[in-house]
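One structure below.
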Amino acid sequence: MKNQEIELKLTLPAGAARLRPVALRRLLAAPSPARIHELETTYFDTPDAWLKNQGMALRVRRIGTRRVQTLKVPGDGLDGLQSYLEYEADIKGTRPILAAISDTKLQRRLARNGVLEKVRPVFTTRFERAAWLIKRGDSEIEVALDIGSIETKGRKTPIAEIELELKSGQPVELFHCAEHLAEDLPARLGSATKAARGYALAHDIKAEPVRAEPLELARKGSAGDAFGAIVRNCLEQLRANESAILESEDDEAIHQFRVAIRRFRAAIGAYRELIDDGAHAAMSIDLRWLQRQFGPARDLDVLIADTLVPMQARLLEQTAIGPLLETAKEARAEARRRAHQALDNPRYAVMLLQIYRLLLTDDWRGRSAVAQFGLDQPVRAFSDDWLSKAHKRLVRLGGEHAELSEAELHRLRLLAKKMRYGTQAFASLYRSKRTEKYLLHLAAIQDHLGSLNDAVVGRHLLVDLIARLSRDRGLSAGDTSLLQGVVLGWQTRRIAQDLGGFQATWEAFRAQKKFWGEG
């Protein structure tokens with residue numbers, strides 16, 4: 001039997017496995033008790049993970065005395081949803097059977113590669129499933145609470161999640177149902193299937209920081225199509241770094257997460273006049289909140305790596321720098337906990353669900369005639385216009401950089417950053433060499449002013465850290481004053497160095513020819 005599986009997953013954090021079916025039933029307002037099953041499922045693959053590398057998953061599930069074989073093959077993806085073609089059949093044994101797969105092309109493909117002769121068990125899932133079939137409008141959704149574990153090679157990881165599968169009707173109803181649940185449960189929007197988590201456990205795959213995937217816009221597409229593609233690219237980068245943030249101490253994960261937020265906010269700014277006011281407010285406010293949750297952790301990462309560690313190595317006679325470094329690390333640990341808590345905050349889950357729903361329904365699009373015309377215009381026309389305006393704003397402010405205050409330099413840095421993100425977003429529409437050269441010069445501006453900004457932010461952070469060090473470790477007034485003087489001198493020298501080299505960087509940027517506006 002072949003069917004299309006469209007589902008959405010809410011992952012419950014550690015400790016939430018205590019959620020009982022009766023409590024979930026109340027949230028769902030389900031008219032009848034849950035159907036309860038004990039499920040044991042073994043996933044199979046070849047020694048070289050052929051199925052995994054093809055994006056497939058092959059399993060045999062025991063349901064009472066039944067054995068059900070399922071082959072999952074990736075389907076057409078929908079924003080925020082997991083979509084698979086499922087080939088399901090009852091079998092008698094515990095090993096997969098080629099003849100049970102109903103698609104003859106798939107059979108031949110698997111037979112040609114000798115897959116089912118080579119497969120072996122990779123991992124097993126064991127969980128209790130409490131499931132309800134509920135109606136939302138004209139749609140039917142199966143909501144299942146799964147509590148148990150994934151096991152392989154003596155290792156185990158918990159399963160605590162809610163799956164929402166569309167049985168009939170409109171996919172948007174999955175989002176409405178999940179938003180309702182996420183407002184009352186400490187849940188994250190899940191991205192990894194049980195199969196993906198099982199492979200990670202079996203092969204000891206650790207989550208790592210992820211940079212944005214290259215973005216290829218359709219050259220003959222519309223401005224509206226381009227916005228959707230840019231936002232999806234930002235969301236992919238954002239969500240790809242969640243696991244690395246939660247599972248590692250790699251500061252690059254938080255950095256890439258924040259880059260995704262800034263890229264997203266830059267896209268919203270570029271399209272501001274074309275976005276529905278309600279959708280714009282919802283996205284902007286929540287993204288600004290999310291960025292604030294991750295800001296302190298990133299600022300402390302930069303301060304420790306770029307200032308305190310070099311100071312300790314260089315100024316060996318200043319013994320108070322060591323305790324200051326330890327205090328900064330304590331503050332960073334607290335800031336990272338705050339960042340972790342943001343990922344478990346229902347506000348983050350609801351934000352993602354709402355954005356995916358807006359993309360699915362196109363409800364983000366402004367309804368005025370001006371907005372509709374702007375979104376329907378060719379993406380090159382929109383891009384040319386935006387790049388010209390952004391470039392003029394940047395040049396107008398930067399032309400007076402020798403006279404700019406710290407606040408104005410900060411604004412110049414933000415304009416350069418937005419110009420860089422916009423250029424990267426639209427780069428695939430233009431000649432690569434000239435665009436890359438322009439981006440390199442923007443990056444040089446951002447490096448100079450970013451380093452300056454880090455020094456200014458670090459100066460404010462250090463005042464608080466020194467006060468905390470004095471309070472918690474009893475640093476004397478004399479030592480406190482000396483440490484403040486040493487830090488201020490170090491930061492002042494660094495700021496002067498950054499400003500001193502900026503003139504040449506700016507002039508090199510101004511000498512660049514525009515890469516947009518041509519046919």
Side-chain angles (χ1 to χ4, degrees), residues 79 210-241 255-276 279-280 283-284 287-288 290-291 352 355-356 358-359 362 364-366 371 374-395 412-447 450 509 512-518:
D79 295 316
V210 177
R211 292 178 177 271
E213 289 291 324
L215 180 59
E216 290 292 330
L217 298 178
R219 294 197 174 197
K220 294 185 179 180
S222 69
D225 292 337
F227 179 77
I230 294 166
V231 169
R232 291 179 184 95
N233 186 267
C234 294
L235 287 170
E236 287 172 6
Q237 183 187 13
L238 189 76
R239 305 208 58 212
N241 283 286
H255 175 55
Q256 291 302 326
F257 190 88
R258 293 185 74 234
V259 167
I261 297 172
R262 292 198 300 264
R263 291 177 57 230
F264 196 162
R265 292 186 67 191
I268 292 172
Y271 279 80
R272 172 62 190 96
E273 301 306 319
L274 308 180
I275 299 174
D276 173 78
H280 180 271
M283 290 189 288
S284 297
L287 285 170
R288 196 158 49 241
L290 188 62
Q291 188 165 349
L352 290 174
I355 293 171
Y356 281 125
L358 289 169
L359 289 173
D362 271 347
W364 62 269
R365 299 170 70 100
L375 291 169
D376 290 339
Q377 70 178 303
V379 63
R380 270 291 297 264
F382 175 86
S383 175
D384 284 349
D385 183 59
W386 183 84
L387 288 167
S388 292
K389 291 176 180 177
H391 181 82
K392 286 177 183 177
R393 284 194 298 268
L394 181 60
V395 169
L412 181 62
R413 180 182 69 88
L414 293 179
L415 287 177
K417 186 180 292 186
K418 289 177 182 177
M419 187 73 198
R420 186 181 179 190
Y421 290 146
T423 301
Q424 288 172 334
F426 297 120
S428 61
L429 303 174
Y430 301 96
R431 297 178 185 176
S432 59
K433 287 186 178 180
R434 286 177 59 180
T435 309
E436 288 171 7
K437 196 172 182 182
Y438 187 88
L439 277 168
L440 286 174
H441 285 280
L442 278 176
I445 293 172
Q446 193 174 330
D447 286 344
F509 166 71
Q512 293 306 298
K513 294 181 179 179
K514 295 185 294 183
F515 61 87
W516 61 90
E518 300 178 353

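- Between the side chain of Ser383 and the main chain of Val379, no donor-acceptor pair closer than 3.5 Å is present.
- Residues Phe515 and Lys437 form no side-chain contact, since every pair of their non-hydrogen atoms from C-beta on lies 4.5 Å or further apart.
- One finds the CD atom of Gln291 at 5.5 Å from the CZ atom of Arg258 (value rounded to the nearest 0.5 Å).
- Between Ser284 and Ile268 the shortest heavy-atom distance is OG-CG2, 3.7 Å.
- Using a 4.5 Å heavy-atom threshold, the side chains of Leu235 and Phe264 count as touching.
- Between Trp516 and Thr423, every side-chain heavy-atom pair lies at or beyond the 4.5 Å cut-off.
- Atom-to-atom distance recorded for Leu439:CG and Arg434:CZ is 13.0 Å, nearest 0.5 angstrom.
- Between Ile230 and Ala267 the shortest heavy-atom distance is CG2-CB, 3.8 Å.
- For the residue pair Asn233 and Glu213, the shortest heavy atom distance occurs at ND2-O, 3.0 Å.
- Using a 4.5 Å heavy-atom cutoff, the side chains of His441 and Ile445 are not in contact.
- In this structure a side-chain-to-backbone donor-acceptor pair under 3.5 Å is present from Arg219 to Ser428.
- Using bins of under 30°, 30° to 60° and over 60° for the plane-to-plane angle, the ring pair Phe227/Tyr271 lands in the tilted bin.
- Atom CZ of Arg272 sits in a crowded spot, with more than 12 heavy atoms from other residues, nucleotides or ligands closer than 6.0 Å.
- Closest approach of Ile261 and Leu287 over heavy atoms only: CG2-O, 3.8 Å.
- Put simply, the side chain of Gln377 gets close to the backbone of Gly374: a donor and an acceptor are under 3.5 Å apart.
- Using a 4.5 Å heavy-atom threshold, the side chains of Leu442 and Tyr421 count as separate.
- In this structure, NZ on Lys418 lies 12.5 Å from CD on Gln446, to the nearest 0.5 angstrom.
- Screening Leu429, Asp385, Leu217 against Arg380 for a side chain to side chain contact (heavy atoms under 4.5 Å, CB included) leaves a single residue, Leu429.
- Side chains of Tyr438 and Lys513 form no contact here, defined as non-hydrogen atoms less than 4.5 Å apart.
- A distance-only check finds no donor-acceptor pair linking the side chain of Asp376 to the backbone of Ser222 [under 3.5 Å].
- Residues Leu215 and Ala425 share a closest heavy-atom pair of CD2-O, 3.7 Å.
- Residues Met283 and Ile275 meet the side-chain proximity criterion, which asks for heavy atoms closer than 4.5 Å.
- For the pair Arg420 (side chain) and Ala416 (backbone), a donor-acceptor distance under 3.5 Å is absent.
- We find the OH-CD distance between Tyr430 and Glu436 to be 15.0 Å, quoted to the nearest 0.5 Å.
- Summarising the geometry, atom NZ belonging to Lys417 is positioned 13.5 Å from atom CG belonging to Leu394; distances are rounded to the nearest 0.5 Å.
- Looking at every heavy atom in both residues, Asn241 comes nearest to Val210 through OD1-N, 2.7 Å.
- The aromatic rings of Phe509 and His391 sit tilted relative to each other, their planes meeting at an angle between 30° and 60°.
- Considering CE of Met419 and CG of Leu412, their distance stands at 12.5 Å, rounded to 0.5 Å.
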